[in-house]
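The next block holds one structure in the form of structure tokens; read it before the comments.
Whatever order the structure lists ligands and atoms in, that order sets their numbers, starting from 1.
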Amino acid sequence: MDGLPKLDSKALPSRRRMLSGAAALAAVPALAGWASLDIEDVGGLAGPGGSHHGAGAGQPPGTRPTGLNNHGGHAGFAGGSVPVERAGIDPSSILYDFDRGRTSTLPDGRTLREWDIVAVDQEFEIAPGVMFPGWSYNGRIPGPTLWAQQGDALRIHFTNAGAHPHTIHFHGIHRAEMDGTPGIGAGSIAPGQSFTYEFDATPFGTHLYHCHQSPLAPHIAKGLYGGFIIEPKEGRPKADNEMVMVMNGYNTDGGDDNEFYSVNGLPFHFMDFPVQVKQNELVRIHLINVLEYDPINSFHLHGNFFHYYPTGTMLTPSEYTDTVSQVQGQRGILELRFPYPGKYMFHAHKTEFAELGWMGFFEVSAS
Ligand code: CU
Ligand code: CA
Ligand code: CU
């Protein structure tokens with residue numbers, strides 16, 4: 001049937017083909033060299049001292065996309081993370097940037113929260129020398145993390161300033177016409193048009209929103225997504241250090257695969273700017289996977305374990321682990337304390353994603 005992918009390994013995107021076997025690597029002399037080097041030098045994943053800056057053979061993981069792809073598309077990429085001023089995205093500030101909206105009180109006493117969200121076409125330098133022609137909500141990838149309390153009334157004033165039709169599809173419980181699905185209610189919002197999504201904040205949990213225009217994959221992959229957190233009415237135990245991490249990817253050279261992976265928008269950022277935490281404090285992480293093209297993403301923490309609350313919809317954790325996997329749209333809450341000071345890696349427990357940007361550090365200072 002037309003449109004069905006063929007299960008032919010030669011038809012796989014070249015990055016996957018390259019990773020699929022030594023024979024493929026050997027067929028490309030330039031890659032055979034670093035492939036053998038790579039086995040010894042697992043770089044940042046090796047453990048203490050294995051930061052990507054310390055890959056002494058001159059092969060920081062960040063250089064791998066160039067070699068791996070063999071597309072010639074990233075000739076300018078020299079590894080490392082791009083300065084946040086150049087990117088226009090700051091993953092460290094996104095950790096803590098909970099947008100509670102403009103609040104007022106309705107006649108029935110409930111809190112009304114309102115946000116203005118604008119879809120814009122914008123190019124981002126997501127890695128040094130790598131430009132990504134993105135579509136964003138409010139000029140950032142991921143979009144703003146919307147925060148509300150269970151039962152609040154929400155109004156999201158959406159304007160499409162991009163060149164393509166878009167929507168905002170929220171995960172949550174609401175009427176069909178507020179779902180941001182093309183063909184239902186206002187449906188697709190045309191360029192230049194606006195629409196106000198209006199619904200109540202329920203159920204509590206860690207959620208997300210994203211564009212639902214078809215073809216869906218590029219509308220998400222281009223950057224139209226963000227976190228959506230609904231706090232239980234009675235609250236959660238107060239965390240000392242509460243943050244959001246949105247896992248994403250970037251398809252920078254076409255096809256249907258990603259060349260870069262990140263948390264909060266910039267590959268390798270948290271290698272250069274570790275997440276700062278204090279020994280023994282309660283750390284709460286809202287972890288959201290919106291990664292397009294790859295079926296599964298994951299989060300692995302070194303030197304520690306965490307309690308995991310899937311979707312954040314229960315007040316008791318379901319798992320005590322150091323690794324969790326999420327498909328696209330899955331999310332959850334991680335809670336933990338670091339008993340010892342020092343630097344601890346966190347990364348996708350999919351080595352390929354880690355090496356293409358999805359890795360970072362927690363830096364624990366003595367209390
Ligand atoms: Cu869209
Ligand atoms: Ca690609
Ligand atoms: Cu979704």
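- In summary, no N, O or S atom of H212 is located under 2.8 Å from the Cu ion (ligand 3).
- Between the Cu ion (ligand 3) and the N, O or S atoms of H171, the shortest distance is to NE2.
- Between R140 and D90 there is no salt bridge, since no side-chain N of the basic residue sits under 4.0 Å from a carboxylate O of the acidic one.
- At distances below 3.5 Å, at least one donor-acceptor pair connects side-chain atoms of D99 with backbone N or O atoms of G101.
- Coordination check, C211 versus the Cu ion (ligand 1): passed, since an N/O/S atom of the residue sits under 2.8 Å.
- Ion pair E363/K343 not flagged as a salt bridge, since none of the NZ, NE, NH1 or NH2 atoms sits closer than 4.0 Å to an Asp/Glu carboxylate oxygen.
- Centred on the Cu ion (ligand 1), the ND1 atom of H219 and the ND1 atom of H166 lie at an angle of 100°, reported to 10°.
- The Ca ion (ligand 2) has an N, O or S atom of E259 inside 3.0 Å of it.
- Sorting the N, O or S atoms of D253 by how far they are from the Ca ion (ligand 2) puts OD1 first.
- Metal site remark for the Ca ion (ligand 2): G255 contributes no N, O or S atom at a distance under 3.0 Å.
- Of the inter-residue distances, the one linking Q213 atom CD with H166 atom NE2 reads 8.0 Å to the nearest 0.5 angstrom.
- Heavy-atom minimum distance, T252 versus V130: CG2-CG1, 3.9 Å.
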